Number of protein chains: 2
Amino acid sequence: MASSLQPLATSLSPQERFQEYLQAKGLRQTEQRKFLIDEVFNQHEHFDADELIERLPRRGSPNYVSSATVYRTLREFVDAGLLKSFQLEGRTVYEHDYGYPQHDHLYCTRCQELFEFTSDELIALRDRVAADQGFRVTGHRLIIQGICQKCSQTRRKKRKQDLV
Amino acid sequence: MASSLQPLATSLSPQERFQEYLQAKGLRQTEQRKFLIDEVFNQHEHFDADELIERLPRRGSPNYVSSATVYRTLREFVDAGLLKSFQLEGRTVYEHDYGYPQHDHLYCTRCQELFEFTSDELIALRDRVAADQGFRVTGHRLIIQGICQKCSQTRRKKRKQDLV
DNA sequence: TTTCCTGCAAAATCTTTGCATGATC
DNA sequence: GATCATGCAAAGATTTTGCAGGAAA
């Protein structure tokens, strides 16, 4: 819901791409890995390890995956280029990377939602700044904090009511 | 060493400014707070709680400050507007805010050093993006990752030697 | 059948908190 | 003297790891 970007055309699904990664590394295709990649690419929202674990089957249910395996697998997804991760208020937040354009974020500090945007201008600016300092760029992370439109409106309404 | 920015002119020292903050909030001026503010503003490098604790006197020595107090005091410094904090690879990194211009960072993933830069253009871009989405901006954080000039050179030399 | 993977529990980090004692206003 | 701050230890929160049993190739 917070996304306004279009997916990129990809020749392989995330599942297929992960298979290739596993084969290239001599790793195995397990039930847990298959299940997790489906879960993770089933939706596009940002999430952290805990949120993912919360919506997975509980211990004892079919398809249960232990937390340790979730953490291990999320790291593999990042290594495989399927997910990106970044830090936000102490949590490690994951988002789709494969099949999704490079982008940055607006973060609403009231509702905690992340909104995406792209800016070629930002990339140009970044490269110029880096070149100035003799830096070889490998990436960047920009998060703009503030209050989103919806939250601003909510607050405004509440204030009017308070005055009544 | 990683800084190329000039301090701003300030009418109060960080110490004085913190005194005002404490008085305004009805808090107390303790030995620990005085000692810590001197330690923290004694140098300009970025640091995390652990690095600060490491260079403070050990338990039993004069001026010993417990870790709990260090954590509590760092939060007060941030509240007081003396320090800013941000997340970098899981750590909470602190830097001087009071008396120092708004800036962003280049981060060398090889030597882990942070370099600072300012860009009015970035601010303009940020405000434009936010306005587009109806966001009310309160701040931002940009970190450009890459390899710094020195590390690039080191690596290049090593490669030549490897060929000999 | 060899190697890798998983689940479990324990450990490792980093940070916060409850509480009794002690310092500051 | 009243209140706030500190130190200590314990608890939280999050993530990693050692290990034994189990699964994939």
Side-chain angles (χ1 to χ4, degrees), chain A residues 15 18-37 39-40 46-80 83 85-94 112, chain B residues 15 18-37 39-40 46-80 83 85-94 112:
Chain A
Q15 285 81 354
F18 192 50
Q19 278 185 38
E20 288 206 343
Y21 169 86
L22 292 175
Q23 284 171 9
K25 288 238 174 183
L27 303 177
R28 288 166 188 178
Q29 217 180 339
T30 64
E31 289 306 314
Q32 288 87 341
R33 283 170 177 163
K34 279 188 240 175
F35 184 73
L36 286 177
I37 200 163
E39 275 299 319
V40 161
H46 300 83
F47 64 94
D48 63 22
D50 197 54
E51 286 164 358
L52 176 57
I53 290 166
E54 283 295 303
R55 67 169 209 258
L56 293 175
R58 306 288 155 185
R59 186 197 301 208
S61 311
N63 291 320
Y64 168 71
V65 182
S66 71
S67 302
T69 295
V70 170
Y71 278 103
R72 284 188 278 236
T73 306
L74 285 174
R75 262 190 305 182
E76 288 169 341
F77 288 168
V78 172
D79 285 350
L83 293 182
S85 70
F86 55 100
Q87 303 290 127
L88 186 62
E89 296 185 345
R91 309 178 311 152
T92 299
V93 176
Y94 295 88
Q112 258 95 290
Chain B
Q15 285 82 354
F18 192 50
Q19 278 186 37
E20 289 206 342
Y21 169 86
L22 292 175
Q23 283 171 10
K25 288 237 173 183
L27 303 177
R28 286 166 189 180
Q29 220 182 336
T30 64
E31 288 306 314
Q32 288 88 340
R33 284 171 177 161
K34 279 188 240 172
F35 184 73
L36 286 176
I37 200 164
E39 275 298 319
V40 161
H46 300 82
F47 64 95
D48 62 25
D50 197 53
E51 285 164 358
L52 176 58
I53 290 165
E54 283 295 303
R55 68 167 206 261
L56 293 176
R58 307 288 153 184
R59 187 195 305 205
S61 311
N63 290 320
Y64 168 71
V65 182
S66 71
S67 302
T69 296
V70 171
Y71 278 103
R72 283 188 278 235
T73 307
L74 286 174
R75 260 191 306 183
E76 286 168 341
F77 289 169
V78 171
D79 285 350
L83 294 181
S85 71
F86 58 99
Q87 303 287 129
L88 185 62
E89 296 185 344
R91 309 180 309 152
T92 300
V93 176
Y94 295 87
Q112 258 96 288

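In what follows, chains carry the letters A, B, and so on, assigned in the order in which the sequence lines appear, proteins first and then strands, with residues in each chain numbered from 1. As the structure is a prediction and not an experimental result, all values here were calculated from the model. Side chains are part of it too, since the values below use all heavy atoms of this structure and drop only hydrogens, waters and symmetry mates.
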Which part of the nucleic acid, if any, lies within contact of Arg72(B), taking any heavy atom under 4.0 Å across all strands shown: a base, the sugar-phosphate backbone alone, or nothing?
base
What does the inter-axis angle of the helix from dT1(C)-dA25(D) to dC25(C)-dG1(D) come out as, five pairs per end, nearest 10 degrees?
30°
Answer yes or no: does a side-chain N or O of Thr69(B) lie under 4.0 Å from OP1 or OP2 of dG7(D)?
yes
For Arg33(B), what residues pass the side-chain contact (heavy atoms from CB on, under 4.5 Å) criterion, not counting sequence neighbours?
Phe18(B), Leu22(B), Leu27(B), Arg28(B), Thr30(B), Thr73(B), Glu76(B)
Taking the nucleotide of DNA chain C with the closest heavy atom to each, which residue, Asp50(B) or Glu31(B), is nearer the 5' end?
Asp50(B)
Under 4.0 Å, heavy atoms only, any strand: does Ser67(A) hit a base, just the sugar-phosphate, or nothing?
nothing
Whole angstroms only, please: what is the CZ-P distance between Phe77(B) and dT15(C)?
16 Å
Nucleotide of dC25(C), dT6(D), dC5(C) approaching Arg28(B) most closely (side-chain heavy atoms)
dC25(C)
Protein-nucleotide distance (Gln32(A), atom CD; dG21(D), atom C1'), rounded to Å:
14 Å
Please give, in whole Å, the distance from dG7(C) C1' to Leu56(A) CG?
15 Å
Rounded to whole angstroms, how far apart are CZ on Phe47(A) and P on dT15(D)?
12 Å
Check the distance between dT16(D)'s C1' and Ile53(A)'s CD1 and give it to me in whole angstrom.
13 Å
To the nearest 0.5 angstrom, please state how far the CD atom of Gln23(B) sits from the CD atom of Gln19(B).
6.5 Å
Distance, rounded to the nearest Å, where Arg91(A) contributes CZ and dG12(D) contributes P:
21 Å
Distance from Asp48(B) atom CG to Leu74(B) atom CG, nearest 0.5 Å?
9.5 Å
Picking from dT17(D), dC5(C), dT24(C), the nucleotide nearest the side-chain atoms of Thr30(B) would be dT24(C)
Arg55(B) side-chain N/O to Glu39(B) backbone N/O, donor-acceptor pair under 3.5 Å:
yes
Is there side-chain contact between Gln15(B) and Lys34(B), with heavy atoms separated by less than 4.5 Å?
no
Could you give the CD-to-C1' distance, from Gln29(A) to dC5(C), as a whole number of Å?
13 Å
Quick one, Tyr71(A) and Thr92(A) - any side-chain contact, counting heavy atoms below 4.5 Å?
no
Are OP1 or OP2 of dT14(D) and a side-chain N or O of Thr92(A) less than 4.0 angstrom apart?
no
Taken to the nearest whole Å, NZ/Lys25(B) to P/dT24(C) is 21 Å
Using the ring of each side chain (for Trp, its six-membered ring), is His46(A) parallel, tilted or perpendicular to Phe86(A), with breaks at 30° and 60°?
perpendicular
Straight-line distance of Leu56(A) CG to Phe35(A) CZ, nearest 0.5 Å
6.0 Å
Which nucleotide in dT24(C), dT16(D), dA25(D) has an atom nearest any side-chain atom of Tyr71(A):
dT16(D)
When you match Glu76(A) and Tyr64(A) each to their closest nucleotide on DNA chain C, which lands nearer the 5' end?
Glu76(A)
Testing dT6(C), dT6(D), dA9(D) for proximity to the side chain of Ala68(B), the answer is dA9(D)
Taking only the side-chain heavy atoms of Arg59(B) (C-beta and beyond), determine which of dC8(D), dA9(C), dT15(C) contains the nearest atom.
dC8(D)
